[in-house]
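Just below is one structure, and these are the notes that go with it.
In the text below, chain A, chain B and the rest are named by the order of the sequence lines, each starting its count at 1.
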Amino acid sequence: KAGVTQTPRYLIKTRGQQVTLSCSPISGHRSVSWYQQTPGQGLQFLFEYFSETQRNKGNFPGRFSGRQFSNSRSEMNVSTLELGDSALYLCASSLGQGVALTKNIQYFGAGTRLSVL
Amino acid sequence: TQLLEQSPQFLSIQEGENLTVYCNSSSVFSSLQWYRQEPGEGPVLLVTVVTGGEVKKLKRLTFQFGDARKDSSLHITAAQPGDTGLYLCAALLNNAGNMLTFGGGTRLMVKP
């Protein structure tokens, strides 16, 4: 069974540009969550999509947005990039519903490392 | 201030030593999770603890959930170089979805 796939693995952008990151969840998983990981702030929740709807949202500015497609694949977009957006962006997928808490495991991808110059 | 405080932040030990990592909060959680993250990879779930006072063992790793469900600990016996990595505790912020909040992490290095 293929794991969570994130593309691209590395990305270099300049301030003011926008970027789109992609996440393909494990087959059968309907929930996709996005996290930002930086040395200073650690791992922080961005948002979660379930069945093409945003179910939860973290405390990030509106420049960060996402969407989920009917096949559960998800994209996140960051507009008007700032230096502080440099981070590892992680995507996690899970069944999302209908299973016990201890079985609703989130599987993480390897991440996209974004550098903003 | 993070909701989950982990200590220590860094730990460098020799192979064969024992260690304990702590995850503390002033909030009560329905469950806590422990993850390990290796360089270039995403976090991998090690265990979920749900009952106050619960103890779970995973080979040389022992996880405990505090009686009041506000804290947890991870104890590694006879650490090996393969245990090197970033250990993260995390909790679900609500029961409607997968909104995890993470501790700051403990970076462990085990030297041969």
Taking [atom1] in [X] as the centre, count heavy atoms belonging to other residues, nucleotides or ligands within less than 6.0 Å. Is the count above 12?
{"X": "Gln14(B)", "atom1": "CD", "value": "yes"}
{"X": "Arg36(B)", "atom1": "CZ", "value": "yes"}
{"X": "Lys57(A)", "atom1": "NZ", "value": "yes"}

Verify the cluster assignment for [X] and [Y]: are they in a single hydrophobic cluster under the rule of side-chain heavy atoms below 4.5 Å apart?
{"X": "Val4(A)", "Y": "Tyr89(A)", "value": "no"}
{"X": "Tyr49(A)", "Y": "Leu92(B)", "value": "no"}
{"X": "Trp34(A)", "Y": "Tyr35(B)", "value": "no"}
{"X": "Ile12(A)", "Y": "Val19(A)", "value": "no"}
{"X": "Tyr22(B)", "Y": "Trp34(B)", "value": "no"}

[X] portion near chain B, given a 4.5 angstrom heavy-atom threshold:
{"X": "Arg9(A)", "result": "side chain"}
{"X": "Tyr35(A)", "result": "side chain"}
{"X": "Gln37(A)", "result": "side chain"}
{"X": "Leu88(A)", "result": "side chain"}

Compare all side-chain heavy atoms of [X] with those of [Y] and state whether any distance is below 4.5 angstrom.
{"X": "Gln106(A)", "Y": "Leu45(B)", "value": "no"}
{"X": "Pro43(B)", "Y": "Leu43(A)", "value": "yes"}
{"X": "Gln37(B)", "Y": "Leu90(A)", "value": "yes"}

### Query
At their closest point, which heavy atom of Gly58(A) faces which heavy atom of Met99(B), and how far apart are they?
CA-CE, 4.3 Å
### Message
For Gly40(B) versus Ala110(A), what's the shortest heavy-atom pair and its separation?
### Response
O-CB, 3.8 Å
### Message
Out of Phe50(A), Phe108(A), Tyr107(A), return the one with the most heavy atom pairs under 4.5 angstrom to chain B.
### Response
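Ranked by heavy-atom pairs under 4.5 Å with chain B, first place is Phe108(A).
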### Task
Flag the pair Phe102(B) / Phe45(A) as yes when their ring centroid distance falls below 6.0 Å, and as no otherwise.
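When the ring centroids of Phe102(B) and Phe45(A) are compared, they turn out to be at least 6.0 Å apart.
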